[in-house]
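Report on the following structure.
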Amino acid sequence: MSLARHYNREFVRTFFTSPAAVEGEDDSAKMLRRAAQLRGMEAPDTWIPDNEDATAPSMRDEGVENIIDVVAENGADFPGEIHPRIVWHRDSPATRHSGFQQMLRIADPSEGAVEHIDGFVVPEVGDLDDWKKADEFLTIVENEYGLEEGSLSMSVIVESGEAELALGDLRDEMGKPSNNLERLFLLVDGEVDYTKDMRAMTPTGELPPWPELRHNTSRGASAAGLVAVDGPYDDIRDVEGYRERMIDNRAKGMTGIWALTPNQVVEANTAPLPPESGSWLLEVDGEDVELSEEDGLQVYDGNALSLEESGDGEYVLHVGSDARELDEDELREQLLEMASYVPSMNDMVDSMAEFEAAKEAGKGAIAMTQSATLVIDGVEVEISRDRMWDEATYQAAQTPITLFQDVYEHRPDQHDELEEMYGADVVERAMNLGN
């Protein structure tokens, strides 16, 4: 079993960083002020006033003061959590001391910011002994100001092989009397510095995708009861690539991702939510093609697949250069293998409510049917599949609904947008599931 969570958020979709001080501007805190005004889907689940990589070293003292001023003024109304990123480095005592001084200054209750701050983000960590140093500094800060121990969470950025290896030992270390590592919240990947630390190279100079790092971070978060977040996707104009990255991450159990712009925040906030409408897909030449719905029929209008009737209930199905002669049953079976369905929010709610009702009536498992009429080159083919639902199926299907419930509970500023997406009735039914 995973360790118990020590914070309210079970899911984090967005990790949005803003420079704490911008050099050469009349108002060096302008990026912080803009971020503090974000609301609805443009506002992240976690906002990171960044006084490390996003802020020039010469501006970091000013960055600390900017964080204090902006958070003290705007923190009460900001709808997400606030976690300033301080400086740190596993190999530099001087940098760690500077990080401690930054935390000590920002957390001073007389400045009015700490009451709106949920924790701190610690970059460039090394092995678990290094994580414990950061934890100890946070404990000292809390005791200095009479704050409850553990009230400030700690999130770390995994940017080295040392930190990645530490993920495997984290579960055994949390909860020991000698540390307060229960304060951990987010495990965030930092692929840029990780690539440097690993001495990795690619022919184009682009970052490797590092699927192993993302898997290991997600696994470490699951084992320790934490939340995993992917690192920055710096091609901010590549919206489709950003979406594909998030799809791949969610298959690893990693819901959250770094956001560099308000547009990326919107994408990252909406992408994990259940779809507004369901859709049928056909796998053709290794790619999933979404079918168009026309008068209740699912129509394929691509060029890589064709179908013709050859008479007497026989058909010829062309997939690329491959031609297959099939009777009606074989055709239906072939298309059924190629087809998949992406359920809508309403579909998920209906299925889960039906299973809950069946369970209440004493049934341990029920069959649920998915059916559609596919149209390829004007030829209609009906397909249908039954799927057995038991408690394990229900639990697996519950994850996107649990995510929605978590968002709806903690982000009231998004209620109107969510109800506009799904309809008030579907939202109400979704919130009642599992209760």
TODO: Taking all non-hydrogen atoms of both residues into account, name the closest pair between I67 and P84 and its distance.
DONE: CG2-CG, 4.1 Å
Task: Side chain H215, main chain P211, donor-acceptor under 3.5 Å - done: no
Task: Donor-acceptor under 3.5 Å (Q264 side chain, L260 main chain) - done: yes
Open item on the list: Tell me whether the count of non-hydrogen atoms from other residues, nucleotides or ligands lying under 6.0 Å of CD in E42 goes above 12.
Closed with: no
Task: Note: R332-E382 ion pair, threshold 4.0 Å (strictly below) - done: no
Open item on the list: R9 vs H410, test: side chain to side chain contact (heavy atoms under 4.5 Å, CB included). Steps then yes/no.
Closed with: CA-CA 8 Å; R9 293 304 304 254; H410 292 100; 3.3 Å; yes
Open item on the list: Within this structure, what is the CD-CE distance for the pair E25 and M31, rounded to the nearest 0.5 Å?
Closed with: 9.0 Å
Open item on the list: Would you say CG of D322 has more than 12 non-hydrogen atoms from neighbouring residues, nucleotides or ligands within 6.0 angstrom?
Closed with: yes
Open item on the list: For a 4.5 angstrom cut-off between non-hydrogen side-chain atoms, does H83 reach F185?
Closed with: yes
Task: Aromatic contact, W88 with F120 (centres under 6.0 Å) - done: no
TODO: Say whether D230 and N249, considering side chains only, have a donor N or O and an acceptor N or O under 3.5 Å apart.
DONE: yes
Task: Nearest heavy atoms of S160 and V125, plus distance in Å - done: OG-O, 3.2 Å
Open item on the list: Using a strict threshold of under 4.0 Å (side-chain N to carboxylate O), is an ion pair present between K133 and D129?
Closed with: no
Task: Reported CG-to-CD distance for the pair D197 and E164, which is rounded to 0.5 angstrom - done: 10.0 Å
Task: Any donor-acceptor N/O pair, T46 side chain to T14 backbone, under 3.5 Å - done: yes
Open item on the list: When you measure from the side chain of D347 to the backbone of S344, do you find a donor-acceptor pair of N or O atoms at a distance under 3.5 Å?
Closed with: yes
Open item on the list: Just by distance, no angles: are the side chains of D238 and Y233 close enough, under 3.5 Å, to form a donor-acceptor pair?
Closed with: yes
TODO: Check whether any side-chain heavy atom of V407 sits under 4.5 Å from a side-chain heavy atom of L418, and report yes or no.
DONE: yes
TODO: Side-chain contact test, heavy atoms from C-beta onward, threshold under 4.5 Å: evaluate it for F11 versus T402 and give yes or no.
DONE: yes
Open item on the list: Would you compute the distance between atom CG of L433 and atom CD of E356 and round it to the nearest 0.5 angstrom?
Closed with: 5.0 Å
TODO: Taking D386 for its side chain and A367 for its backbone only, find out whether a donor-acceptor pair lies under 3.5 Å.
DONE: no
Task: Main-chain N/O of K252 paired to S218 side chain as donor or acceptor, under 3.5 Å - done: yes
Task: Carboxylate-amine/guanidinium proximity below 4.0 Å for K196 and D193 - done: yes
Task: Atom pair CG (L305) and CD (E283), whose distance is rounded to the nearest 0.5 Å - done: 11.5 Å
Task: For T202 against P208, the heavy-atom pair lying closest together - done: CG2-CG, 3.9 Å
- [ ] For the pair R13 (side chain) and N269 (backbone), establish whether a donor and an acceptor sit closer than 3.5 Å, ignoring hydrogens and angles.
- [x] yes
Task: For the student: nearest non-hydrogen atoms of A21 and E62, plus distance - done: CB-C, 4.4 Å
Open item on the list: Could you go through Q395 and E391, starting from their C-alpha distance and side-chain angles, then the distance that decides it, and tell me whether this counts as side-chain hydrogen bond (donor to acceptor under 3.5 Å, both in side chains)?
Closed with: CA-CA 6 Å; Q395 295 293 336; E391 185 63 30; 2.7 Å; yes
Task: Short side-chain to backbone donor-acceptor contact, S153 and D118, under 3.5 Å - done: yes
- [ ] Report yes if some heavy atom in the side chain of D127 is under 4.5 Å from a heavy atom in the side chain of L165; otherwise report no.
- [x] no
Task: Interatomic spacing from CE in M154 to CG in L226 - rounded to 0.5 Å - done: 10.0 Å
Task: Side-chain heavy atoms of R385 within contact of L336, under 4.5 Å - done: yes
Open item on the list: Could you check whether R429 and N432, counting side-chain N and O atoms only, form a donor-acceptor pair closer than 3.5 Å?
Closed with: no
- [ ] Would you mind reporting whether P123 and D53 have side-chain heavy atoms less than 4.5 Å apart?
- [x] no
Task: Ion pair R39/D413, N-O distance below 4.0 Å - done: no
TODO: Test M103 against F137 for side chain to side chain contact (heavy atoms under 4.5 Å, CB included), laying out the working first.
DONE: CA-CA 8 Å; M103 289 190 288; F137 280 158; 3.9 Å; yes
- [ ] Write down the atom of V265, the atom of A259, and the distance for their closest heavy-atom approach.
- [x] CG2-CB, 3.6 Å
Task: Within 6.0 angstrom of M388 CE, more than 12 heavy atoms from elsewhere - done: yes
Open item on the list: I'd like to know whether I376 forms a side chain to side chain contact (heavy atoms under 4.5 Å, CB included) with V381, so could you lay out the CA-CA distance, the side-chain angles of the two residues, the decisive distance to 0.1 Å, and finally the verdict.
Closed with: CA-CA 8 Å; I376 304 171; V381 183; over 6 Å; no
Open item on the list: Tell me whether the count of non-hydrogen atoms from other residues, nucleotides or ligands lying under 6.0 Å of CD in E337 goes above 12.
Closed with: yes
- [ ] For atom CD of Q37, decide whether the heavy atoms of other residues, nucleotides or ligands shown that lie under 6.0 angstrom number more than 12.
- [x] yes
Task: Residues R183, D135: salt bridge by 4.0 Å N-O rule - done: yes
Open item on the list: Are F15 and W258, when compared by the centres of their aromatic rings, separated by less than 6.0 Å?
Closed with: yes
- [ ] Find out whether K363 and F355 are in side-chain contact, i.e. whether some heavy atom of one side chain is under 4.5 Å from a heavy atom of the other.
- [x] no
Task: D235/R245 ion pair, N-O < 4.0 Å - done: no
Task: R243 with E240: basic N within carboxylate O range, under 4.0 Å - done: yes
TODO: Given side chain to side chain contact (heavy atoms under 4.5 Å, CB included), test I247 with E244 step by step and report yes or no.
DONE: CA-CA 5 Å; I247 290 172; E244 289 298 320; 4.1 Å; yes
Task: Main-chain N/O of A392 paired to D390 side chain as donor or acceptor, under 3.5 Å - done: yes
TODO: May I ask you to decide if I86's main-chain N or O and N51's side chain share a donor-acceptor pair within less than 3.5 Å?
DONE: no
- [ ] Please name the pair of heavy atoms, one in W131 and one in G126, separated by the smallest distance, quoted to 0.1 Å.
- [x] NE1-O, 2.9 Å
Open item on the list: Within the structure provided, determine whether V12 and E81 are in side-chain contact (heavy-atom separation under 4.5 Å).
Closed with: no
TODO: State the CD1-CD1 distance between I157 and I48, to the nearest 0.5 angstrom.
DONE: 8.0 Å
Open item on the list: One thing to verify: whether E162 and R90 come together as a salt bridge, which I'm taking to mean a side-chain N less than 4.0 angstrom from a carboxylate O.
Closed with: yes
- [ ] Could you tell me whether the side chains of Q334 and E330 share a donor-acceptor contact shorter than 3.5 Å?
- [x] no
TODO: Look at the aromatic rings of W210 and Y194 and report parallel, tilted or perpendicular, splitting at 30° and 60°.
DONE: perpendicular
